[in-house]
Amino acid sequence: MPSLFAWMIALTLSICVIILTAAINNPVLHMIASGAVSLVLAVTAIREHNALRAAGASKSVIGSSTARNTGLVWAWGGLGILVTYAFILQNRWPEWWHFFLGFVLAAIASIIFSNMLDRDAKVERVDKSVMKVGRTLVMVQLAGMLVAIISMFIDGKFPRDASYPDWAGCNIFFFGALAIAAISLNALTTAKDA
């Protein structure tokens with residue numbers, strides 16, 4: 001499991017990549033950067049999840065990994081929006097803070113859930129009711145991400161031209177949603193045979 005230090009490094013580097021491409025006002029480079037960051041976050045989470053399963057880790061440990069990694073994606077999205085719209089693209093998209101708050105709350109909830117499962121794992125306990133709640137939350141999260149992705153295409157919000165104030169946010173939303181959907185889908189499909 002990655003340490004807090006590794007998390008901070010990953011968040012810092014991933015935020016730097018997306019704010020630099022936002023600063024040069026290039027939606028295509030920003031889209032590529034957001035996609036690359038999301039891909040790395042998703043692949044890392046899925047590899048960790050699958051390695052834990054292969055090693056015979058408890059369901060609490062595996063669930064904690066899933067919650068922690070989705071929390072990382074939520075945190076990346078929230079911090080990316082904060083830095084981009086509070087410091088780089090100031091006064092362009094007044095609604096940015098609503099999405100920042102939502103993403104941060106989702107990140108906090110994911111980390112709290114991960115910590116709950118870590119406490120269970122330390123005492124070698126698997127709380128079936130907590131695991132059931134976790135599975136339900138993952139299903140809801142997956143459904144929400146799929147709806148978000150589809151609605152972005154229907155509403156013409158992805159890909160987005162730089163003439164729209166929310167173009168950078170849309171890139172972060174889209175690729176963050178893809179990463180969370182991939183992590184959630186992997187957790188659900190591998191849990192069936194666990």
Side-chain angles (χ1 to χ4, degrees), residues 1-18 33-83 99-122 125-127 130-149 171-194:
M1 285 188 226
S3 67
L4 180 60
F5 181 72
W7 259 53
M8 299 311 285
I9 296 285
L11 272 175
T12 301
L13 292 176
S14 62
I15 297 300
C16 286
V17 168
I18 60 170
S34 298
V37 167
S38 296
L39 178 64
V40 168
L41 293 174
V43 168
T44 301
I46 290 168
R47 289 182 71 188
E48 180 181 321
H49 176 95
N50 294 341
L52 288 169
R53 281 191 67 249
S58 74
K59 289 183 179 184
S60 294
V61 170
I62 295 168
S64 174
S65 167
T66 299
R68 186 179 54 259
N69 281 299
T70 57
L72 178 60
V73 176
W74 285 115
W76 167 74
L79 291 173
I81 289 171
L82 171 69
V83 175
F99 297 95
F100 162 72
L101 285 178
F103 287 15
V104 168
L105 290 175
I108 291 169
S110 297
I111 301 308
I112 290 170
F113 196 77
S114 175
N115 288 340
M116 268 179 32
L117 293 174
D118 277 342
R119 282 193 294 277
D120 283 351
K122 283 180 183 164
R125 180 178 70 179
V126 175
D127 187 329
V130 170
M131 295 306 293
K132 186 175 181 179
V133 167
R135 182 172 175 78
T136 302
L137 291 172
V138 169
M139 288 190 290
V140 168
Q141 186 169 250
L142 174 60
M145 295 304 102
L146 294 175
V147 168
I149 291 165
N171 287 338
I172 294 168
F173 299 160
F174 182 81
F175 289 108
L178 279 178
I180 290 173
I183 294 166
S184 299
L185 185 61
N186 180 68
L188 291 170
T189 56
T190 58
K192 288 180 184 176
D193 60 1

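By convention here, the first residue in the shown sequence is residue 1.
In this pair, F99 and F173 present their aromatic rings tilted. The plane angle is within the 30 to 60° band.
Remark: M139 CE to T136 OG1 distance equals 4.5 Å, nearest 0.5 Å. Distance check: I108 CD1 to F103 CZ gives 14.0 Å after rounding to the nearest 0.5 Å. Note that CD1 of I62 and CD of E48 are 10.5 Å apart. Values are rounded to the nearest 0.5 Å. Expressed to the nearest 0.5 Å, how far CG of L82 lies from CZ of F100 amounts to 4.5 Å. One distance of note links CG of L178 with CG of L146; it measures 9.0 Å at 0.5 Å rounding. In this structure, CD1 on I180 lies 13.5 Å from CG on L185, to the nearest 0.5 angstrom.
In this structure, D120 and M116 have side chains that are not in contact, with every pair of non-hydrogen atoms separated by 4.5 Å or more. M131 has its side chain within reach of L117: a pair of non-hydrogen atoms, C-beta onward, lies under 4.5 Å apart. Contact of the N186 side chain with the N50 side chain is registered, since non-hydrogen atoms from C-beta on lie closer than 4.5 Å. Using a 4.5 Å heavy-atom cutoff, the side chains of L52 and S65 are in contact. Using a 4.5 Å cut-off on side-chain heavy atoms (C-beta onward), W74 and V104 make no contact.
Minimum interatomic distance between V37 and S14 (heavy atoms only, all atoms of both residues): CG1-CB, 3.4 Å. Contact between S114 and R68 at its shortest, heavy atoms only, is OG-CB, 3.5 Å. For the pair A107 and G71, the tightest heavy-atom approach, listed with the atom from each and the gap, is CB-O, 3.6 Å. The two residues G134 and F113 have their closest heavy-atom pair at CA-CZ, 3.5 Å. Closest non-hydrogen pair, A181 versus L142, comes out as O-CD1, 3.5 Å. Of all the heavy atoms in S38 and G176, the pair that sits closest is OG-N, 3.6 Å.
A donor-acceptor contact shorter than 3.5 Å is absent between the side chain of S64 and the backbone of S60. For the pair T44 (side chain) and V40 (backbone), a donor-acceptor distance under 3.5 Å is present.
Of the listed residues (L72, N69, I46), just one forms a side chain to side chain contact (heavy atoms under 4.5 Å, CB included) with L41, and that residue is L72.
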Verdict with supporting geometry, W76 and I172, side chain to side chain contact (heavy atoms under 4.5 Å, CB included):
CA-CA 9 Å; W76 167 74; I172 294 168; 4.1 Å; yes
